[in-house]
Structures are given as C-alpha cells and as structure tokens.
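Structure below; questions to follow.
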Amino acid sequence: MALSNVLETPAAGFNFDNSARNAALEGLFDGQTPKPPKTGTTIAGVVFKDGVVLGADTRATSSEVVADKMCAKIHYIAPNIYCCGAGTAADTEKTTELLSSNLTIFSLNSGRNPRVVMAVNILQDTLYRYHGQIGANLILGGVDCTGNHLYTVGPYGSVNKTPYLAMGSGDLAALGILEDGYKPDLELDKAKELVRVAIHAGIMNDLGSGNNIDICVITREGVDYIRPYQVSEYKDKRETKYKYVPGTTPVLTEKVVPLKLEVVEETV
Amino acid sequence: MISSQTFGDPGKMRDYHYTGPVEHRFSPYAFNGGTVLAVAGEDFAIVASDTRLSEGYSIHSRDSPKCYKLTDTTVIGCSGFHGDCLTLTKIIDARLKMYKHSNNKTMTSNAIAAMLSTILYGRRFFPYYVYNIIGGLDEHGKGAVYSFDPVGSYQRDTYKAGGSASAMLQPLLDNQIGFKNMEGVQHVPLTQDKAVQLVKDVFISAAERDVYTGDALRVCIITKEGISEQTVPLRKD
C-alpha cells in the first residue's frame, strides 16, 4: 500500500495550513507562546556595506574533552585579509601561517596589498595538492581594491564565494540564523549583531563549540579584531576554594645544585 | 544509532558492476553522554547527575536527569545508552514490586545491588550499555554506595563517579573525600553540607572540560527523613 504522498504530486511552494491555528494559539497565550526548549567549531562571515565581518567561537576540543577554552580561530593573513579556520587545529594554523608568509613576500616584491582572490587561489592549490589530507575548512574574508570579498575553501580544495558563510560542526545552527537575518548592504552594527547571534546559536546547540565569541571587522579604513567580543555568560564559580597547605605533598629527598654564574653586566 | 556501508579496500575504486556481498554495519548502541556521582556519608547518601542528553555533537534534551528513585532509601544513577537506562530502570521497578508482594517488605539497598548484578550478568553476551551507581542507606542507617560495570561486577564504595566525565571527577573525589595523595591533613568525617557543596563544585568543573556534561545538575540527598532534591544550573554551551 503506497503512501498518499507517493500517489499525488505535492503542491508547489510553502504550506500555510497551520497559520490560522498558530494565530489562534498566540491569542490564547497572550503572545507568550511556549518556547521550544548545541573539532567542533562554529565560524561565520558576512559581507556588509563597508567591508567584511568574521566571527568564531573559542573552544578547541580533543574528542570529548575541551582542550582550550580561549583559542584564537581568526588568523591574520595580510593587513587587509583575515581567515577563520575550522577542522584540525594544527592544519588551519600552519596553512594560514604559510599563506601569510607567502603573501608578505609577494607584497614586498610587488609593492602591492594582496588581493583576497590571490589568497584563495594559493590556498586552493595547496589543499588540492594534498587531496584532503590537510583537514582545514577555512573562511577567508578581506577588503581590497576590487571590493569586499568572502570565500570558503574546503579541505579537498573546493572554493565558494557567497555574501554569508558558516563552517565547522556548528555550521548548520549558525547558517539558520544567517539565512534568516542576512540582507545585502547591512550597516556595521547590524552585521556584527548578526554574526554574534549566529555564533551564539552554534555555541548553544553544538557540543563542539562554546565559551567566548571573537569578531573581526575588516574595512577599507582598517581592521578591528575584537577578542573577545562577547565573554561567555557562564562563569566557573565554585563555592569553596581548594588550596593546599605547603607540605601536603611529602618531600622524600632533596638535592640542591648551585648554578655557577658569571656576572657579565651589573646595573644598579 | 550508526549505520554505514564498508567498501572493499580503502583507496581502491569499487567496480561499477559489483554484485558480491557488501558488509553492512549496524550498531544497536548509542552513546548519550551524562555523568553520575554518588557519595556515602555517616547517616546520609548523595546521588547526583547532570541533565544533558546528547548524541554525537547534538543535544537531545537539556532536562533529562539520570537519577531514578527506587525506594524511600535508595536512588540509582544510570548513564550510557539512554534506551538501555530506561529499560533497566523499568525492569528494576518491576522486580522491586515483585519482591514487595512476595516478601511483604521493601528491598534493602544491598539486596537491590545484588539483584542488579544478576540482572546485568544475565545479559552478559548482549550487555545493557549502562554505567550504574546505587546510593542509599543500609539496614543500619549508614550511607552506602554500590558501583557497577555494564556486565554486573559491583562493589560497595564510599564515593564513585561514573559516565562521560568520570575520569575527571574520580581523582578529585579520591583527593577531597579519600584524602589520597596528601600528607599532614586531618581526616575530618564528611558532613552533609560539605558533601553537597563538593558535589556541586565538582560538577561545575566537569562541565568546563567535558562537552557531554552540562545544562543542569540534579542532586538527590537521601537521609532517614526521606529523599530531597536540588537542581543547580550548569554551563549550557
């Protein structure tokens, strides 16, 4: 016996059958309808009127244990280009450092600021050459003479250019917020708020993301790297202090070796 | 539940018209996270658990406590695979009722522990994926903690941590309650207030570093007056 939706083609477009019921329910609850009760990383980027805003959480995990509560996921590439990295921490760190060094050499040789598309091409070449063995999911954002750009580069070397992006284990949570709130040519405050809310959604709903939120704003005028933009609302406040009196750990033997030092310079 | 299909040798392309047997792997277990802790005092016992239910990197529920009340003097904490936790507690409840009807008395903590051991070993070759810790008062009114492994091995303890953050909590409890690895410290007996405070602090620490522990902490304090519950918020991220 086939399901009914197999026999008839479903109607095109969205289904608004429940909107009348929802309106009635809102009236019943007086507007206070019940609210439905998160490498892991959440990184996001948005292009706005005057530049690009990048955001990231600050939790680094080693399978199920939090290894670093305040790690920096927004890396410097060039004075006008920054990169958020998700995936294997060492891979994102070293790939972006290598890219940054190469672009500095280019800048010194040519006397020009590097363009974002150049950084993207170099990254794509490197990652494709290693066929996914380098686990780096990167969001590159920057402002150059051709405009404001936001790209994502995947570990196998794929590149996407869109006005808003999210990557990492919390990407779906952040993307939900970005899809809902993004508009072309946002103002700076609205763009920062949008990225903050997107990263916050990743932090709350994804176990691999957490702690604080870092934001990096890149415009023609310069870069504003705000770390942390929002400190986590959860503080580890314990009820008692756990301090140990000296002598708690027994000293079994003691051997003192004096260091023979030569006074080279003395300043009084 | 994880379901995956394994392809021949890794790195080799599968033949387009491959019709031989393909190995499918279905796992009947899932890991739903959560940490439980039990401490026995002179005339009280505490069973505490976090309330987060997770799977993979997602959260199923922020309000799913893992302590279940068995009798007026016994509470069990179960963490691991939530499906098996629910079934196991149902089976224990049924067995408690059967005992009550046959013997006209409530099961004591040590009797429940012995029974749970046989229930778990009965499934030796398809185990309940549950880490159990029973906390309660024994026949003399003293606090008792019984800790189990998934196939029924158990022992009576003074304190025990189980679940995802157990490796982080157990050494801390060894130091603060068992006074291990310390010298020249007075071995003061544990008071109820100090124990509750320690349990709360220890869970706050666990929530900092273990991604599966968080949201809220449910503390059940068992005394001869009865079982009282407290809920304390933990990190939600």
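The chains referred to below are lettered A, B, ... by the order of the sequence lines, with proteins before strands, and numbering in each begins at 1. These numbers come from the heavy atoms of this one structure, side chains and all, not from hydrogens, waters or symmetry mates.
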Next on the checklist: Run B/K200 and A/R238 through side-chain contact (heavy atoms from CB on, under 4.5 Å) and show every step you take.
Outcome noted: CA-CA 8 Å; B/K200 287 177 184 168; A/R238 274 153 266 248; over 6 Å; no
Next on the checklist: Rounded to the nearest 0.5 Å, what separates atom OG1 in A/T61 from atom CG in B/D210?
Outcome noted: 11.0 Å
Checklist entry - Would you say A/R59 and B/V211 make side-chain contact, with heavy atoms under 4.5 Å? => result yes
Checklist entry - Under a 4.5 Å heavy-atom cut-off, does chain B meet the side chain of A/A173, its backbone, both or neither? => result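 For A/A173, neither part sits under 4.5 Å from chain B.
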Item to check | Side-chain heavy-atom pair A/Y234, B/L234 within 4.5 angstrom cut-off | outcome: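 Of all side-chain heavy-atom pairs linking B/L234 with A/Y234, none is under 4.5 Å.
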Checklist entry - Measuring heavy-atom distances to chain A, does B/S205 have an atom under 4.5 Å in its side chain, in its backbone, in both, or in neither? => result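 For B/S205, the contact with chain A is made by backbone and side chain together.
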Checklist entry - Which residues in residues 170-194 of chain B have a heavy atom less than 4.5 Å from any heavy atom of chain A? => result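 Expected list: B/N175, B/Q176, B/N181, B/M182, B/E183, B/V185.
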Next on the checklist: Can you confirm whether A/K237 sits close enough to B/I204 that some side-chain heavy atom of one is under 4.5 Å from a side-chain heavy atom of the other?
Outcome noted: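 A/K237 does not reach B/I204 side chain to side chain.
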Item to check | Side-chain touch B/E208/A/V66, heavy atoms, less than 4.5 angstrom | outcome: no
Next on the checklist: With a 4.5 angstrom heavy-atom cut-off, is it the side chain or the backbone of A/D57 that approaches chain B, or both, or neither?
Outcome noted: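 Neither part; nothing is under 4.5 Å.
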Checklist entry - When you measure from the side chain of B/D237 to the backbone N and O of A/M204, does any donor-acceptor pair fall under 3.5 Å? => result no
Item to check | With sequence neighbours excluded, residues passing salt bridge (charged side-chain N to carboxylate O under 4.0 Å, His left out) with B/E42 | outcome: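 In terms of salt bridge (charged side-chain N to carboxylate O under 4.0 Å, His left out), with neighbours along the sequence ignored, B/E42 is linked to B/K142.
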Checklist entry - Can any side-chain N or O of B/R209 pair as donor or acceptor with the backbone N or O of A/V65 at less than 3.5 Å? => result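 Judged by distance alone, no pair lies under 3.5 Å.
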